[in-house]
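Below is the structure I would like to discuss, written out as structure tokens.
Lettering of chains follows the sequences in order, A, B, ..., and the numbering in each one begins at 1. Source: prediction; values computed, not measured.
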Amino acid sequence: MDEDDEHMMQIKIQAIKKLNVWFRSSNGIINRIFTQKAPVFGLVIVALIIFIAIAASVIAPNDPLKVNMSMRLEGPSSLYWLGTDNLGRCIASRLIWGARMSLIYSLCVLGLMMVISIPIGLLSGYAGGRVDTFIMRVTDIFLSLPTFLMALAIAGTLGPSAKNMIIAMASVWWSSYARIIRGMAMQMKQQDFILAAKAAACTHSQIIFRHILRNIASPIIIMATLEIGSIILAIASFSFIGLGAQPPTPEWGIMLSDSKEFIQTQPQLMIYPGIAIIITVMAFNLLGEGLKNAIQD
Amino acid sequence: MLKNIGERLLTLIPVLLAVSLITFILGSMSSGDTARTLAEKKYDRPTYEQIEEIKTEMGFDRPVLVQYADWLKDAVRGNLGFSYSNDKPVVNEIVKYFPKTLQLALLALLFLILISFTLGILSAVFSGSWIDKITRIYCFWSVSMPEFWLGLILLYIFGARLGLISVLGGSSMKFPIIPALTMSTCSGGIYVRLVRTNMEEVLNKGYIRAARARGVSEYNIITKHALKNAMLPVINKLGIGFGSLLAGSAIIESIFSWNGLGKLALESVKLKDYPVVQGYVLFMAVLMVLINLAVDIVCGIIDPRLKNG
């Protein structure tokens, strides 16, 4: 390794250390989170929900889709922990599977959003100039759209299904991410190690993907965690109005929408899924809040 | 000032063009379904030729951009097409249903202002007290709760239990108090927090300490000195919030069977009545953009510093 190369490595390591200090060092983000009570609480619940979601098929006492008309609207029992719904399906099992569906859908929305916004944001921040101006104009337009309305219109046009809901949500919500990622890419671009990488004749794609993307990956992941709560809420709303996942999928929004018919006689049907949503969203929000505070301090 | 407004109005044009183009392309993507639906209405069991005939009649066989140009030409003149389900002009439908949505949004805004200022000021003034703690719990809980769930719970309590509102719909309500309360409770957390942070910041400023030293009563300090200065960012946010109350009322309207524009739009989405959906999205987009502009102007009047900056 010649001197220039070594110098470049040094600079790069220093810059990464500076930017990732809150992620790795002794008073880094992980430790800071554990000094606060609420985020730890959130983290525990999130872990529990993820466990429930993964192990849904083992934990659930019954098949969430099995209709048993002779057991309609039964109360809680040892077989049906929370009783049965209007079609004799096990509510507890549907709630447990609902956790899996909610997490899968929200990860899909996040993933698709990232697939759209990361390349656009990186390109905009790295290229600068006219490309940047053009892309920023486009995101401006997207930011001023009434997002929920647009998602509604898109999901309605594509037809009601979970896949279309995911496409609709990602296609209207990507713009704010693209902006944030652009900002991070611009900051990174000014670091000395990028200059050094250029001097070392790295190609543009090498610089963008190897040097910039890798260094902003962890903030992007944190940003994503902040959003999961509101994504889960939006998914439940879409399913509730019939434009998201379709019955008989065990999904919390669908369960709530099914329960509306029985609001006068069987109010417990709408209590359980609502509480499941609140606990999940709250846990993700607590965790997100903790992450945000840890970064800002 | 006028020049600023003019410039802002010009920047609205690309936004509105984009909204209209997106909704139009969406509509034309599904024109096959639409032609079929229309043909089914006309012929009961349409043949392939009859569907094609409808397509030609409605102009669905022309290039999308030509269709868009025609639609835009009409839209500028205030003609947004005709509803597929009842053949009425979309503009008339919007004008007919909008007052209900406006009424709901205004009432929700009123509640939102009451909640956010009461809780925000109290929690800032009595920082660390039990009011502050309860407010913090409320803020957190309000952003984590699905609006439609609170709607269902309130419908159960006030409809099924107390019998104050009709569960099955029909306009038994004169004022949409419960729906408005639902909407404002769920979006209140953000504004309470905003009022609290701004108040706290202002209360720590030097001129507040100076006022205290002069012996101004605490009540006057809070209402006259602190609140006025803390209000500006809140007004700005509340204006934008009003836009989202208008545009985001669809689910609440359909839960409470409140016959507003949002409920109409949701039903139109399900019926694949695209002219109405397009009209609704475009109308709401224009409205939101205009509200944002109005908020900026109002803030400029309240705080002359913003005018030049």
Original post:
Side chain, backbone, both or neither: which part of B:Leu152 has an atom under 4.5 Å from a heavy atom of chain A?
Top reply: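 Looking at B:Leu152, backbone and side chain both touch chain A.
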Subject >> Among A:Leu110, A:Thr249, A:Ile231, the one residue meeting side-chain contact (heavy atoms from CB on, under 4.5 Å) with A:Tyr105 >> reply: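 Among the candidates, only A:Thr249 passes.
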Original post:
Can you check whether A:Gly98's main-chain N or O pairs, donor with acceptor, with A:Glu251's side chain at less than 3.5 Å?
Top reply: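 No, because the side chain of A:Glu251 does not come within donor-acceptor range (under 3.5 Å) of the backbone of A:Gly98.
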Subject >> chain B contacts, top residue of A:Ala283, A:Gly274, A:Ser257, A:Pro273 (heavy-atom pairs, under 4.5 Å) >> reply: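 Between A:Ala283, A:Gly274, A:Ser257, A:Pro273, the count favours A:Gly274.
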Subject >> Over 12 non-hydrogen atoms of neighbours within 6.0 angstrom of CZ in A:Phe41 >> reply: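 No, the 6.0 Å shell around CZ holds no more than 12 heavy atoms from other groups.
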Original post:
Do the rings of A:Phe240 and B:Phe148 sit parallel, tilted or perpendicular, given the 30° and 60° boundaries?
Top reply: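 Parallel.
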Subject >> chain A contact via B:Leu17 - which portion, at a heavy-atom distance below 4.5 Å >> reply: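 Neither the backbone nor the side chain of B:Leu17 comes within 4.5 Å of chain A.
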**OP:** For each of A:Ile277, A:Leu158, A:Ile232, A:Ile271, tally heavy-atom pairs with chain B at distances under 4.5 Å, and name the one with the top tally.
**Re:**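 The candidate making the most pairs under 4.5 Å is A:Ile271.
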**OP:** Select one option (side chain, backbone, both, neither) describing which atoms of B:Met145 are under 4.5 Å from chain A's heavy atoms.
**Re:**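 Both backbone and side chain.
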Original post:
Does any donor atom in the side chain of A:Ser237 or B:Glu147 lie under 3.5 Å from an acceptor atom in the other side chain?
Top reply: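 There is no such pair (donor and acceptor under 3.5 Å, judged by atom type) between the side chains of A:Ser237 and B:Glu147.
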Original post:
How about B:Tyr68 and B:Ser20: does a side-chain donor come under 3.5 Å of a side-chain acceptor?
Top reply: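 The criterion, which ignores hydrogens and geometry beyond distance, is satisfied for B:Ser20 and B:Tyr68.
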Original post:
For A:Leu243, is it the side chain, the backbone, both, or neither that has a heavy atom closer than 4.5 Å to a heavy atom of chain B?
Top reply: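 For A:Leu243, the contact with chain B is made by the side chain alone.
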Subject >> Largest heavy-atom contact set with chain A, pairs under 4.5 Å, which of B:Asn292, B:Leu266, B:Val277 >> reply: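 Going by pairs under 4.5 Å, I would pick B:Leu266.
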